[in-house]
Q: 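Got a structure here, written out as structure tokens. Questions coming.
The residues of the chain are indexed from 1 along the displayed sequence. Ligands are counted one by one from 1 in listed order, and the atoms in each one are counted from 1 as well.
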Amino acid sequence: MKVAIVGAGSGYMPGIVRGLLHRADDLAGTELACYDIDAVHLDVMTRLARNMFAARGAAFTVSSHTALKAALDGASYVFTTFRPGGLAARHLDESIPLKHGVVGQETAGPGGFLMALRSVPVLLDIAEKADAGAWIVNYTNPTNVVTDAVARHTGARIIGLCDQFIGDTEMWAELLGLPSDGLEADWIGLNHATWAQRLRLDGRELDVPLLLDDLEVPGGGATPWRDPSRMAELAKTLGFLPNSYSKYYFFHDEVVAELRAKGTTRAQDILAMLPGYYEQVAAESRKADPDPSRERGGGEHGEFAVDVICALHRDEGRRMIVNTRNNGAIASLDADAIVEVPALVGRSGPVPLTMGPLPGPVRGLTQAIHAYERLASDAAVTGDRRTALQALMAHPFVRSKHTAERILDEGLAAHQDHLPQFR
Ligand code: G6P
Ligand code: MN
């Protein structure tokens, strides 16, 4: 069995290696074809992987590629985890909307839209070059739009991943005073726009409205990943659990003010720490038994992706939250929408579980985000400026035609080297 890893020089790679180690027995004999356009980072990560596998006696072979086709040839699974244009491009995604009074975020809103324009052409190329029947297991953001573009415009098989639900479930465990072990939430909706009305502890259904009545809104500010105070405030009004990204919708103007006051983008913050991070990983990679702690993404990010590959490959039929075609699982969204939903994942792909309608208070919002995503996906595939403008005008952050035009013109100009479809 061969697995190609596209973006293997990524800072998330140490976590992927750790994820592979945790399923080493189930994947014994697998060839990992590591590909990246950055040969230096690729070299660091492949050395790290080889030494970590050797130290733990894991039966993987690792090959290293800067030519895409060679990495993809013969691969049954193509794991995609790259950021086109890198963090410099993310900085533009985060800062351009903000100039026009709109939240600048890498996946949500116009920032995510600009990222989709860059990601989709690369994914379409991978879909075309991959072996027939291969599964694309995708982490590249915005994962939902990317998954939609590949699913509707190519013959390739794709499953879209995001590990946000793991962190969000943990955050809710803390807020509600529940153990996170054994806690399971049915997150449903669209990637980074999911909601949970049902919560189980060790399989036993919990009374969510009652838990939320008793919930006290904690003080304290937000971190890059968590904003518990706002989440609690929202949940008490909505009557169910919101995903972390919901703050950008329900506290839009406050977040704009905070982002402006902060002065640097998240991309700039990461760029500042990245050289030190790679240096530390490089130093570890030369050891006989490397331990790259402080890894980007944490253990679960990599473990989740590897668990999905195992579920597909071993026909496990395991219940997992993934991005896939709706097929009626969520009654309030189109049958062919790409949704994020609990699904049983086995050899023939994810089978989404019937979840009923979206909760009333966020139904219209989620449908609007879906309308935007569909247009964004079409614009990213076709390079049609009018469709791109329609996408931004459909997005709940934007609406205003002139604001949409300004962000689009500035975004297309800033990213032109990565947007062949718009030339
Ligand atoms: C979460 C989201 C990802 C996103 C990441 C950004 O994990 O689910 O989709 O890319 O956060 O984290 P960062 O550290 O790059 O800001
Ligand atoms: Mn995500």
Q: Quick test: of every protein heavy atom, which one is nearest to atom 15 (O) of ligand 1, and how far off is it to 0.1 Å?
A: R90 NH1, 2.8 Å
Q: Provide, to 0.1 Å, the distance between atom 3 (C) of ligand 1 and the closest protein heavy atom, together with that atom's residue and name.
A: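 Result: N141 ND2, 3.8 Å.
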Q: Which atoms from ligand 1 have a heavy atom of Y12 less than 4.0 Å away?
A: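 It comes down to these atoms of ligand 1: 12 (O), 15 (O).
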Q: What protein heavy atom lies closest to atom 12 (O) of ligand 1? Include the residue and the distance to one decimal.
A: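 So the nearest neighbour among protein heavy atoms is W225 NE1, 3.4 Å.
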Q: Heavy-atom count around E170 CD within 6.0 Å, excluding the residue itself: above 12?
A: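 Yes - once you tally the heavy atoms of other residues, nucleotides and ligands closer than 6.0 Å, there are more than 12.
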Q: When rounded to the nearest 0.5 angstrom, what is the spacing between CD in E284 and CG in N51?
A: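 The CD atom of E284 sits 10.5 Å away from the CG atom of N51.
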Q: Please give the atom name: the N, O or S atom of H192 nearest to the Mn ion (ligand 2).
A: NE2
Q: Of all the atoms in ligand 1, which lie at a distance below 4.0 Å from a heavy atom belonging to I270?
A: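 Atoms satisfying the 4.0 Å criterion: 13 (P), 15 (O), 16 (O).
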Q: Within the structure, does E106 bring an N/O atom to less than 3.5 angstrom of an N/O atom in ligand 1?
A: yes
Q: Honestly, is R266 close enough over W225, meaning NZ or CZ under 6.0 Å from the six-membered ring centre and within 45° of the axis?
A: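 The answer is yes, since R266 meets both limits relative to W225.
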Q: Any heavy atom of F165 sitting closer than 4.0 Å to ligand 1?
A: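 False for this residue.
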Q: What atoms of ligand 1 come within less than 4.0 Å of a heavy atom belonging to H192?
A: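 In order of number, 2 (C), 8 (O), 9 (O).
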Q: Do N323 and T147 have a side chain donor and acceptor closer than 3.5 Å?
A: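 The answer is no; no qualifying pair exists.
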Q: Tell me the protein heavy atom at minimum distance from atom 7 (O) of ligand 1, and give that distance in Å.
A: D163 OD1, 3.4 Å
Q: Contact between R296 and ligand 1, counting heavy atoms under 4.0 Å?
A: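 It does; at least one heavy atom falls under 4.0 Å.
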Q: Among all protein non-hydrogen atoms, which one is nearest to atom 1 (C) of ligand 1, and what is the separation to 0.1 Å?
A: Q164 OE1, 3.2 Å
Q: Taking the basic N atoms (NZ, or NE/NH1/NH2) and the acidic carboxylate oxygens, is any pair closer than 4.0 Å for R152 and D148?
A: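 A salt bridge links R152 with D148.
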Q: Under 3.5 Å, is there a donor-acceptor pair between the H100 and E410 side chains?
A: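 E410 and H100 do have a side-chain donor-acceptor pair below 3.5 Å.
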Q: Would you mind listing which atoms of ligand 1 come within a distance below 4.0 Å of any non-hydrogen atom of C162?
A: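 Here the atoms of ligand 1 in question are 8 (O).
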Q: Decide, yes or no, whether a salt bridge links R230 with E254 under the criterion of side-chain N to carboxylate O below 4.0 Å.
A: no
Q: Do NZ/NE/NH1/NH2 and the carboxylate oxygens of R226 and E174 come within less than 4.0 Å?
A: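 Yes, R226 and E174 are salt-bridged.
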Q: Counting from 1, what ligand 1 atoms have a heavy atom of R266 closer than 4.0 Å?
A: 13 (P), 14 (O), 16 (O)
Q: Between W195 and S246, do the side chains contain a donor N or O and an acceptor N or O under 3.5 Å apart?
A: no
